[in-house]
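This report refers to the structure that appears directly beneath it.
In this chain, numbering begins with 1 at the start of the sequence shown. What you see is a predicted model; the values in this text were computed from it and never measured.
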Amino acid sequence: MTDLAATDDLFFNRAGLDRGGVEAIVEESLAGADDGELYLEYCQSEALVYDDGHLKSASFNTTQGFGLRAVCGEATGYSHASELSLEAIRRAGETVKAVSKGHGGAFAQPPSGTNRSFYADTNPLGLVDHESKVKLLADVNSYARAKDERVRQVSASLMGQWQAVQILRPDGVRAGDIRPLVRFNVSVVVEKDGRMETGGRGVGGRVTYERYLRPETWRASVDEALRQALVNLESVPAPAGEMPVVLGPGWPGILLHEAIGHGLEGDFNRKKTSAFCGLMGERIAAAGVTVIDDGSIEDRRGSLTIDDEGTSSQRTVLIEDGILKGFLHDRMNARLMGTASTGNGRRQSFAHAPIPRMTNTYMLAGADDPAEIIGTVGKGLYAVNFGGGQVDITSGKFVFSCTEAYLVEDGKIGPPVKGATLIGSGPEVLNEVSMIGADMEFDPGVGTCGKDGQGVPVGVGQPTIKVDNLTVGGTAV
């Protein structure tokens, strides 16, 4: 199993845990359960924030701990602690035993092993010294201010994380993973004639800091943030009503993630609370719409060599040519639904039990020219970037705010608009897709998904698509 040697050294040599003793406790604690595992975690993280010409904050944090889980039917016993010791794990074992008392389950088969790795196991935090990171943020500030005299404020941040995990099962199967994660953000505020607007850009992935120290990388991010801010300076109030909407490639896939992806997670469908429940094998989207979740894409923010139950990440087809083909499963929901885990059992940290979550979710490209897609719109909206959004899993209804959008009139992109929101239903939007561009892109690597109080890094993507009819909430009077 990948990274077992490195995580063995971390947890059993440096931390001083006795592996034999740990395995004995796990075996005893999960006797009679249907499934479960001990999840060991060690994590280092740092964040530097540069604002208004000064280093505003710099933090470094180290956490470690374990989570012990016993699964019996639909019931879960979970206990966790930040103390890595045999005694702490033994106490947790006494707690989780309660869920399996009187239960005579046959322990589930272990996940299959893998020797693949979709990112380097290098710790990004220690490869670049603190002074170089601060200099990078200072250079960002100077470059942005020199680019345009209308720049009034520049904020930049650099964040890194190095997480090591090991999963131990009572059947003796173990899996380990070492996960780097880096993110760079810049925000620019501009002013013209008393009006102030903001633009931003974030990039990241399971890589090291070196990529963001390259001038061509961080300057491109600053240029994009400044471009967005200057576009917003010229924006007019957004129209309201039902109209065709063209969604740009890349980050607009967050609408796909929220409005559709969550509804395809196994727990919502097992509990029959998803708008897609009971529709397997049926048409739920327009022809040509194919949606994938893939945690095995190299260096992507949502990628994992193994999920947080030890299952290898994989490519899962959710919708194929408009037909519902699959759901995203962790081990428990897969077992209860009579299928196999798709490698989507994820948790925020050792303090959380795993649940079905997306990794990198995207729509495949079509054959249409993006310019021709715009050209078919008589009067509508072209949405390029999104901010926050909300979705109701049961109904699939969503609301998303646009941070960059344009009017489209007579097939041509017009002025930018401010204050546009997209309102609709995930299942309905899928069926309103009439054109799919050949320009599929992934987001730049900044997505974080929230569910049940847990946040995990994810990726999204899509080509340019045309939605024939969508409700736009606007600010025009």
Side-chain angles (χ1 to χ4, degrees), residues 30-39 69-78 96 99-114 167 169-173 175 260-285 290-296 304 306-347 352-361 393-394 396 426-427 430 451-452 454 456:
L30 303 188
D34 295 324
D35 206 355
E37 72 287 309
L38 176 69
Y39 177 87
R69 181 178 66 146
V71 180
C72 297
E74 296 185 29
T76 297
Y78 195 74
V96 303
V99 76
S100 57
K101 188 175 182 179
H103 188 84
F107 209 76
Q109 290 295 309
S112 58
T114 180
I167 297 149
R169 293 171 49 84
D171 48 26
V173 174
I260 298 156
H262 278 299
L264 300 179
E265 291 169 337
D267 50 351
F268 295 126
N269 286 278
R270 178 178 65 82
K271 297 172 184 177
K272 303 186 186 304
T273 57
S274 167
F276 299 101
C277 177
L279 298 179
M280 185 63 69
E282 297 186 18
R283 177 167 296 281
I284 64 169
T290 297
V291 179
I292 308 291
D293 185 87
D294 191 350
S296 62
L304 297 166
I306 55 172
D307 72 0
D308 294 322
E309 299 177 304
T311 304
S312 301
S313 286
Q314 64 185 57
R315 182 181 186 271
T316 302
V317 178
L318 300 174
I319 302 171
E320 185 174 24
D321 197 21
I323 306 300
L324 180 58
K325 293 290 187 177
F327 295 132
L328 300 176
H329 290 294
D330 63 347
R331 288 178 59 84
M332 184 181 81
N333 285 280
R335 176 174 52 82
L336 293 172
M337 295 180 73
T339 187
S341 170
T342 56
N344 290 88
R346 305 188 63 188
R347 62 183 102 197
H352 305 83
I355 53 177
R357 307 294 298 272
M358 285 171 274
T359 55
N360 303 299
T361 310
I393 301 300
T394 303
L430 286 178
K451 177 182 175 182
D452 290 355
Q454 299 190 43
V456 295

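- In this structure, Lys451 pairs ionically with Glu265, as a charged nitrogen and a carboxylate oxygen lie closer than 4.0 Å.
- At least one donor-acceptor pair closer than 3.5 Å links the side chain of Thr342 to the backbone N or O of His329.
- Within the 4.5 Å cutoff, no side-chain heavy atoms of Arg357 are placed close to those of Asn344.
- The two residues Asp267 and Asn333 make their nearest non-hydrogen contact at CA-OD1, 3.3 Å.
- Between Asp307 and Arg347 there is no salt bridge, since no side-chain nitrogen of the basic residue lies less than 4.0 Å from a carboxylate oxygen of the acidic one.
- Using a 4.5 Å heavy-atom threshold, the side chains of Thr311 and Ile306 count as separate.
- Summarising the geometry, atom OG belonging to Ser341 is positioned 7.0 Å from atom CD belonging to Gln314; distances are rounded to the nearest 0.5 Å.
- The side-chain heavy atoms of Leu328 and Thr316, taken from C-beta on, include a pair separated by under 4.5 Å.
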**Prompt:** Could you go step by step and tell me if Phe107 and Leu30 meet the side chain to side chain contact (heavy atoms under 4.5 Å, CB included) rule?
**Reply:** CA-CA 9 Å; Phe107 209 76; Leu30 303 188; 4.2 Å; yes
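- In terms of modelled atom types and a separation under 3.5 Å, the side chain of Thr394 and the main chain of Ser274 share no donor-acceptor contact.
- Every ring-ring contact (aromatic ring centres under 6.0 Å, His included) that His262 has, sequence neighbours left out, goes to His257.
- Going from atom OG1 of Thr273 over to atom CD1 of Ile393 covers 8.0 Å, rounded to the nearest 0.5 Å.
- For the pair Thr76 and Arg69, the minimum side-chain heavy-atom distance is below 4.5 Å.
- For Arg335, there are no side chain to side chain donor-acceptor pair (under 3.5 Å) partners at least two apart in sequence or on another chain.
- Heavy-atom minimum distance, Gly295 versus Asn360: CA-ND2, 4.1 Å.
- Across all their heavy atoms, Asp34 and Gly73 have their closest contact at OD2-N, 2.6 Å.
- In this view, Ile260 and Leu256, Leu264, Phe276, Ile319, Leu430 satisfy the side-chain contact (heavy atoms from CB on, under 4.5 Å) rule, not counting sequence neighbours.
- Heavy atoms only, all atoms of each residue included: Gly310 and Ala175 are closest at CA-CB, 4.2 Å.
- Across all non-hydrogen atoms, the minimal contact from Gly266 to Met337 is O-SD, 3.7 Å.
- Judged as a salt bridge (Lys or Arg N to Asp or Glu O under 4.0 Å), the pairs with a partner in residues 310-331 (not counting sequence neighbours) are, in order, Asp35-Arg331.
- Summarising the geometry of Ala33 relative to Cys72, their closest heavy-atom pair is CA-SG, 3.7 Å, with the distance given to 0.1 Å.
- Taking the side chain as every heavy atom from C-beta outward, Asp308 and Tyr39 approach each other to under 4.5 Å.
- By the side-chain contact (heavy atoms from CB on, under 4.5 Å) test, Ala275 is found to be paired with Pro427, residues two or more places apart in sequence or in another chain being considered.
- Annotation: side chain of Ile323 is not in contact with side chain of Ile284 (no heavy-atom distance under 4.5 Å).
- Between the side chain of Arg169 and the main chain of Asp171, no donor-acceptor pair closer than 3.5 Å is present.
- Between the side chain of Asn269 and the main chain of Gly263, a donor-acceptor pair closer than 3.5 Å is present.
- Listed by chain and residue number, Arg270, Leu336 satisfy the side-chain contact (heavy atoms from CB on, under 4.5 Å) test with Glu74 (two or more places apart in sequence, or in another chain).
- Listed for the Arg346 side chain is no donor-acceptor partner under 3.5 Å among the backbone atoms of Val456.
- A donor-acceptor pair shorter than 3.5 Å can be found between the side chains of Asp293 and Thr361.
- The backbone N or O of His352 lies less than 3.5 Å from a partner atom in the side chain of Tyr78, making a donor-acceptor pair.
- A donor-acceptor contact shorter than 3.5 Å is absent between the side chain of Gln454 and the backbone of Ile355.
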